[in-house]
Amino acid sequence: MRLPFRHSSIRFRLLLASTAVQVVLLTLLLANSVRLMNDAASASLATLTTQNASMLHAMATAYGEQGRYRTLQDVLGELLTDSTEGLVYVRIGGPDGQLLVSAGLPAMTTLPPPTPDMAQALGSLIDRPIIHVRRPLLLERNEVGFLQFGVSVSVLAAARQAIIQQGTLIALAEILLTFILLSGIGYLLTHNLGRLLAGSRAIAEGHLDHRLPEKGEDELARLARNFNVMAATLQQRVGELQRTALQLRTSEERYALALRGANDGLWDWDLPTGQVYFSERFCEIVGRDMSGFSNAQDALASYLHPDELETYREVMRAHLRGESAQFMLEHRIRQGDGKVRWVMTRGVAQRDAGGRATRMAGSISDIDLRKRAEQQLVHDALHDGLTGLPNRALFIEHVQQALGHQRRDENARFAVLAINIERFSLINDSFGHAAGDELLRRVAEHIVASMRAGDVAARVGGDQFALLLNGIDGSTEALRVAESLVELPGLSAPAAGRPLHLRCRIGVAVSDIERDDAEALLRDADNALHKARRDQADPVEFFHASMHTQAVRALQLEADLRTALRIGGLTVHYQPIVALGDRRLTSFEALVRWRHPTHGLLPPLEFIPLAETLDLIHDVGMRVLTLVCRDLLEWGIAYPGRALPSVSVNLSARQLSRPNLADELLDVIESHGVPISCLRFEVTESVLADPDGPAKPVLHQLREAGASVLIDDFGTGYSALSYLHTIPCDIVKLDGTFVRSITQDSRLRDIVRRSIQLAHDLGIAVVAECIEHEDQASVLYGMDCDYGQGYLYSRPLEADDARRLLAPSNPGTPQ
Ligand code: C2E
Ligand code: MG
Ligand code: MG
């Protein structure tokens with residue numbers, strides 16, 4: 001039901017209601033007052049008529065008995081004049097209607113009929129100012145006449161009127177006063193209510209700092225106080241809420257940003273219903289539209305790689321059972337287009353009070369790149385980048401597995417081959433690393449080509465390969481495979497200009513049941529390889545227990561060599577070089593020796609290859625040069641005024657690849673103050689095989705500085721004669737192998753003679769080394785060879801002995 005005025009203000013409604021109540025009440029009051037007044041007036045009128053009737057009856061009886069109607073009339077006339085009782089006329093009539101007494105209202109000629117009903121009469125008092133009352137009257141002679149009199153009710157009517165008027169006035173005044181009062185109260189009430197209203201509107205509009213004045217102690221003031229408390233609380237709560245919302249928004253934004261940054265997809269699984277939600281990014285990662293799935297199991301089966309399904313479910317079940325704090329699994333998926341990718345799925349279950357998982361949510365990350373990079377890394381970590389073969393670590397792993405097989409089955413024999421390329425460092429140093437790399441690749445191919453099913457090839461070192469021969473019958477089979485590997489196919493190194501025919505050296509270790517260490521087996525094969533490299537005769541060597549002892553010795557030597565270099569233990573012996581004609585001492589060759597604390601004096605062949613392998617050869621070379629410089633200084637002091645002899649210092653091919661080698665050498669010489677012309681540097685001819693190699697500039701620089709350059713072991717390498725003219729050298733040293741056979745081999749003699757002639761034509765002197773016999777010396781002298789070196793003249797001498805040769809008393813002293 002729609003109430004009227006429901007939109008009006010309380011004040012208006014209050015006023016309206018109170019006015020209506022007032023009007024109703026006052027009307028009731030007024031009506032009641034009029035009724036009471038009428039009752040009172042009727043009562044007064046009845047009394048008035050009764051009293052007047054009694055009085056007139058008495059008078060009429062009294063006067064009528066005496067027949068003195070006339071007198072009565074006069075008395076009544078006077079009475080009417082003074083009457084205060086409202087009596088306005090009196091008529092007394094006989095039974096015949098004849099008037100006996102007529103007092104008052106003389107003009108009234110006919111008697112008006114008596115007023116029938118008093119109450120009714122009162123209702124029309126205004127219209128009927130006179131009430132006519134007729135009563136029977138017992139006259140003399142018992143005749144019944146009548147007494148009629150008129151009572152004026154005008155006073156009564158006026159009084160009634162006045163009362164009604166005053167009542168109405170008072171009612172109106174009351175209404176007005178009530179109105180004013182209620183308006184005032186209403187104003188006071190609604191004024192504060194208005195403030196409350198404005199306050200609540202302000203709060204509703206978000207002005208939470210709005211406060212109401214709190215004057216007074218009345219209910220409204222208390223209400224205002226409560227309102228303010230409420231507003232303050234609200235403001236505080238809203239503030240907190242806003243802060244929380246802000247934090248929430250920030251965290252949501254952060255989360256969203258992190259998610260975007262992490263590029264992860266989301267999933268949310270309601271366990272009781274099986275419903276699952278997948279984010280857009282999730283669908284993107286799995287490469288499928290996942291919206292069609294209403295069941296988590298079906299959804300999972302759609303994108304999970306079939307091989308991963310079991311593991312995934314197992315890990316998931318374990319997490320749901322509460323066995324893990326977080327579900328986390330790296331696994332493969334199959335995208336819509338069939339592509340397989342690696343992803344990482346993470347999730348955490350929400351549990352009810354009983355610990356039962358009710359909901360689970362998590363993320364999916366695309367880790368494909370990382371995973372593949374990892375796999376690549378693992379591959380790279382276990383494979384050689386150049387040849388693609390397994391590396392040493394993986395090879396050891398395979399050997400370990402083979403050992404495992406052998407433990408389970410004694411007949412599961414196998415062999416480990418350590419394969420090394422002959423003169424590889426020479427190729428590397430001479431033709432450059434590109435050629436070296438190419439060679440390594442070719443060797444790898446060569447080995448792989450010879451592999452049987454189940455064999456494993458690996459590159460286990462710079463120029464060293466290994467081959468695991470699984471399931472062999474015994475040593476014979478291993479030997480057959482090893483021998484088939486020895487000859488390498490011709491390699492065309494661009495820098496060499498011609499195909500190079502290289503061979504391998506191979507060490508073989510056959511498994512036996514006592515050996516259960518893969519490293520040890522490979523070491524055995526290595527030791528056999530060392531032997532194969534040392535003994536030129538056989539390119540394939542099998543491991544024997546004695547090799548192990550040698551290997552241990554080599555290890556000990558390595559440590560000792562480092563110590564020797566640190567604290568000094570190397571010394572230099574000097575082998576004289578004489579003029580072939582008169583055997584006059586012309587110079588010395590400095591040959592390094594090692595005074596080993598337990599093995600005694602060690603020749604260079606015992607430790608130079610080791611120093612080269614350990615990259616210590618430069619340190620050895622610099623040490624030798626320093627010792628030579630010191631000895632030269634001492635010799636100079638011992639024989640002042642005497643010219644110092646030249647001393648040849650051997651340089652290793654490895655040293656020559658150092659870019660600043662010449663500077664380093666010249667610095668040492670300069671720092672000792674030794675004349676540079678006293679020094680010769682010997683390099684083996686092999687280092688010059690590559691015309692663009694690093695040796696030439698070094699030798700040029702040394703020669704320009706004043707040192708001489710000597711080509712050692714001349715004739716052993718790559719047809720040195722053909723490029724002799726390009727070599728920056730002063731002297732060549734014919735290799736000992738020529739010298740040894742020169743007396744027997746006439747063709748060799750021809751070659752040597754031509755070589756010497758050619759050298760001389762190019763202004764290069766010739767030294768022949770390893771001359772042990774007089775006939776060798778005379779043949780060489782006959783060929784015009786300039787100088788000789790060998791046991792025939794002198795073995796390498798200690799520095800003091802060499803110095804003594806320089807004594808002026810010595811006839812062979814160089815002048
Ligand atoms: P090399 O430079 O060809 O030195 C000549 C070698 O022949 C020396 O051996 C010497 O003692 C030996 N010898 C000399 N005359 C005869 C002889 O009539 N008959 C025989 N059978 N041998 C003779 P050594 O001292 O054992 O040196 C061997 C090699 O070690 C040297 O060959 C040289 O290549 C290397 N070497 C020696 N000292 C050094 C050094 O300080 N640095 C470098 N990098 N290598 C060195
Ligand atoms: Mg030499
Ligand atoms: Mg030599």
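Note: hydrogens, waters and symmetry copies are ignored here, and every other heavy atom, side chains too, is used. Whatever order the structure lists them in is the order used to number ligands and atoms, beginning at 1.
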Numbering as shown, the atoms of ligand 1 that approach [X] to under 4.0 Å (heavy-atom distance):
X      : value
Arg740 : 21 (N)
Val624 : 41 (O)
Glu772 : 17 (C), 18 (O), 19 (N), 20 (C), 21 (N)
Asp713 : 3 (O)
Gly790 : 15 (N), 18 (O)
Pro796 : 11 (O)

What part of [X], side chain from CB on, backbone N/CA/C/O, both or neither, has a heavy atom under 4.0 Å from ligand 1?
X      : answer
Ile771 : backbone
Val592 : both
Arg593 : side chain
Arg623 : neither
Glu589 : side chain

Counting both backbone and side chain atoms, is some N or O of [X] under 3.5 Å from an N or O of ligand 1?
X      : answer
Gln655 : no
Leu792 : no
Gln789 : no

### Task
Please confirm whether Arg392 makes a cation-pi placement over Phe395, using NZ or CZ under 6.0 Å from the six-membered ring centre and within 45° of the ring normal.
no
Would you mind reporting whether [Y] and [X] have side-chain heavy atoms less than 4.5 Å apart?
X      : Y      : value
Leu644 : Trp635 : yes
Glu422 : Leu488 : no
Tyr574 : Glu589 : no

Measure the spacing between [atom1] of [X] and [atom2] of [Y] and express it to the nearest 0.5 Å.
X      : Y      : atom1 : atom2 : value
Ile731 : Asp712 : CD1   : CG    : 11.5 Å
Leu710 : Thr684 : CG    : OG1   : 11.5 Å
Phe607 : Leu616 : CZ    : CG    : 11.5 Å

Distance below 4.0 Å between [atom] and any protein heavy atom?
atom                   : value
atom 1 (P) of ligand 1 : yes
atom 9 (O) of ligand 1 : no
atom 6 (C) of ligand 1 : no

List the closest protein heavy-atom neighbour of [atom]: residue, atom name, distance to the nearest 0.1 Å.
atom                    : answer
atom 44 (N) of ligand 1 : Ser652 N, 3.7 Å
atom 24 (P) of ligand 1 : Pro604 CG, 3.7 Å
atom 31 (C) of ligand 1 : Leu591 CD2, 4.3 Å
atom 12 (C) of ligand 1 : Tyr791 OH, 4.4 Å

### Query
Do the side chain of Arg749 and the main chain of Ile742 share a donor and acceptor less than 3.5 angstrom apart?
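Here the side-chain-to-backbone pair exists.
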So, [X] versus [Y]: side-chain donor-acceptor pair below 3.5 Å or not?
X      : Y      : result
Thr387 : Asp384 : yes
His760 : Asp786 : yes
His573 : Thr571 : no
Glu664 : His618 : yes
Ser652 : Glu612 : yes

### Task
Under 2.8 Å from the Mg ion (ligand 2), which protein N, O or S atoms are there? Could you list them by chain and number?
Glu589 OE2, Asn650 OD1, Glu682 OE1, Asp712 OD2
### Message
Looking at non-hydrogen atoms alone, which of Asp712, Val739, Leu570, Asn650 comes nearest to atom 45 (N) of ligand 1?
### Response
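When every heavy atom of Asp712, Val739, Leu570, Asn650 is considered, Asn650 comes closest to atom 45 (N) of ligand 1.
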### Task
For atom 15 (N) of ligand 1, state which one of His573, Glu769, Gln575 supplies the nearest heavy atom.
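Nearest option to atom 15 (N) of ligand 1, by heavy atoms: Gln575.
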### Query
Does the pair Arg703 and Ser708 meet the rule for a side-chain hydrogen bond (donor to acceptor under 3.5 Å, both in side chains), with working shown?
CA-CA 6 Å; Arg703 287 184 79 207; Ser708 306; over 6 Å; no
### Summary
Tightest non-hydrogen contact, residues Gly788 and Leu580, listed as N-CG, 3.8 Å
#### Entry: For Phe681, ring pair (Phe, Tyr, Trp, His ring centres under 6.0 Å) partners two or more places apart
none
### CD (Glu670) with more than 12 external heavy atoms under 6.0 Å
no
